[in-house]
Number of protein chains: 2
Amino acid sequence: MATSTVENYLKHILLLSEGGEELVPMGALAEALAVVPGTVTTMVKSLADSGHVEHRPRQGVRLSAEGRRVALNVLRKHRLVETFLVNVLKMDWATVHAEAEQLEHAISDEVLDRLDALLGHPTTDPHGDPIPSRQGKIDSQVYATLATCVVEKGLRVVRITEQSAEFLQFADLNGLQPGASLRVTERNLAAGLVSVKKTTGRPLILSLAAAGKILVQPAR
Amino acid sequence: MATSTVENYLKHILLLSEGGEELVPMGALAEALAVVPGTVTTMVKSLADSGHVEHRPRQGVRLSAEGRRVALNVLRKHRLVETFLVNVLKMDWATVHAEAEQLEHAISDEVLDRLDALLGHPTTDPHGDPIPSRQGKIDSQVYATLATCVVEKGLRVVRITEQSAEFLQFADLNGLQPGASLRVTERNLAAGLVSVKKTTGRPLILSLAAAGKILVQPAR
DNA sequence: AGATTTATTTTGACTATTCAAAATAGGTCG
DNA sequence: CGACCTATTTTGAATAGTCAAAATAAATCT
């Protein structure tokens, strides 16, 4: 069995590689895992030995098929647990990430399946992040963000790509949850600001950085 | 924070000490934890350094007040998780122990409280084992067993003190769940056998060893 | 008491994971 | 081209937890 350290390395490689194909630089991985780069080199070599990744020295890491399988399973656990914590235990959107970070390594596939059924086989978690299927399929649709979308068209929030409690708290407070309807009224690249009008509530101004974390699609 | 290894040591010391007061022999602890005795000596010394236990060399270990607090919290997590797995996820009585063994170290106090509320603040888990309260109170009532109770009186099963899947499976199959009504029709110490008659279902013969694991109280 | 059995402790070694700091390989830029 | 910068790797050391096997203490049994 993979230890939770191994599971974490694989999960973060997956997350950093847009689906598991690209080479992830060692430095980026070290940053994501909050360890020094030397540690990553050591661990990645052992991950390569166990067949979970391919290591290109001085270039980066890539998941093997097996590594991808494990990583997707961990991600599935993470996101289903988050969904459970929010939908069933009514926990706060913003805090469930840290909880799930622990539980994802402790939950068995059996419990996972039952949780999945209890929740009605959701396809996204409370932040709109896609939940990999049991078979390891994951929605990889590319969405526009509030920083890149067309102006003055009706939009629907599909996902918030940021897991820090502060940002999620802020988003929640301002009605930026998946499903929310809104439109961008103005975008000023020079000032780095985006103005947003929600169907309900007062207008909102976001930095481009913040706007880039809100994924949207055209309202149907 | 206590690592899960530390939590496990403390939990097993609690379990082996009838409430945390008696000295637990090192060998018994090694056996319970499935490690060699030398490992227990090493770990217990470090547990003593951190103030979780008192170590009496060549005699055994005892929990400190702080160690007891941690141990009761872990036990509470274990038993609430088991209750959740059975009552909500409808998992099998016999298999939840192993699952809870993992989850008890991954679940936060916050999640624990919400789980407790969701389950309606249960006082026992599905096996009848008492769940410590948030404040660390635990029911320590002493019950008779099918091996020691009076014969030919109406009884009610309150608890099965055995967590192996095989035994629980057997108990379940034979209607020996907490709450079941029955009486002992005969006890033959020489042969080591106990005959039991349930209100419903056919008579049952148990070994004294098995009977000793079924705790009962007079039917009201 | 002396010998023996049994439980516990000690010693030395190993695995997994990490860090700090020095060494090195690839670029890049003037 | 050669100096320089940056990312990566190496090296040496630390911590947590474990085992195997030898040493020791305590208890028991003639």
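Protein chains get the first letters and strands the later ones, always in sequence-line order, with residue 1 at the start of each.
- Summarising the geometry, the separation between CG on L29(A) and P on dT8(D) is reported as 10 Å, rounded to the nearest angstrom.
- Contact annotation: T3(B) side-chain N/O to dG17(D) OP1/OP2 distance is under 4.0 Å.
- Candidate nucleotides dA20(D), dT8(C), dT8(D) were compared by shortest atom distance to the side chain of P37(A), and dT8(D) ranks first.
- Summarising the geometry, the separation between CG on D49(B) and P on dG17(D) is reported as 13 Å, rounded to the nearest angstrom.
- Remark: T39(A) is not in phosphate contact with dT17(C), judged by side-chain N or O atoms under 4.0 Å from OP1 or OP2.
- In terms of phosphate contacts, K45(B) brings no side-chain nitrogen or oxygen within less than 4.0 Å of OP1 or OP2 of dT9(C).
- Contact between G128(B) and P178(B) at its shortest, heavy atoms only, is N-CG, 3.8 Å.
- The CE atom of M26(B) sits 19 Å away from the P atom of dT24(D) (whole-angstrom rounding).
- Going from atom CG of L23(A) over to atom P of dA7(D) covers 17 Å, rounded to whole Å.
- With the nearest nucleotide of DNA chain D identified for both S46(B) and G38(B), S46(B) has the one nearer the 5' end.
- Residue L47(B) contributes atom CG, which lies 18 Å from atom P of dT15(D) at whole-angstrom precision.
- Here the side chain of T148(B) pairs no donor or acceptor atom with the backbone of A144(B) at under 3.5 angstrom.
- Contacts with DNA chain C (heavy atom under 4.0 Å) in residues 51-60 of chain B: H55(B), P57(B), R58(B), listed by number.
- Rounding to whole angstrom units, CG of residue L33(A) and P of dT17(C) are separated by 12 Å.
- Between K77(A) and E7(A) there is no salt bridge, since no side-chain nitrogen of the basic residue lies less than 4.0 Å from a carboxylate oxygen of the acidic one.
- Each of dC19(C), dT18(D), dT10(D) was ranked by its minimum atom distance to the side chain of T41(A); first place goes to dT10(D).
- For the pair Y9(A) and dT18(C), the criterion of a side-chain N or O lying under 4.0 Å from OP1 or OP2 is met.
- The separation between H12(B) atom NE2 and dG17(D) atom P is 16 Å, rounded to whole Å.
- Contact between T161(B) and G212(B) at its shortest, heavy atoms only, is OG1-O, 4.4 Å.
- When the P atom of dT17(C) is taken as reference, atom NE2 of H105(A) falls 12 Å away, rounded to whole Å.
- Counting non-hydrogen atoms of neighbouring residues, nucleotides and ligands closer than 6.0 angstrom, the CD atom of E31(A) reaches no more than 12 such neighbours.
- Using a 4.0 Å heavy-atom criterion, one finds that T5(B) contacts the sugar-phosphate atoms exclusively.
- Put simply, the side chain of H105(B) reaches to within 4.5 Å of the side chain of N8(B), judged on heavy atoms.
- Salt bridge annotation for R79(B)-E82(B): absent, with no cationic side-chain nitrogen under 4.0 angstrom from a carboxylate oxygen.
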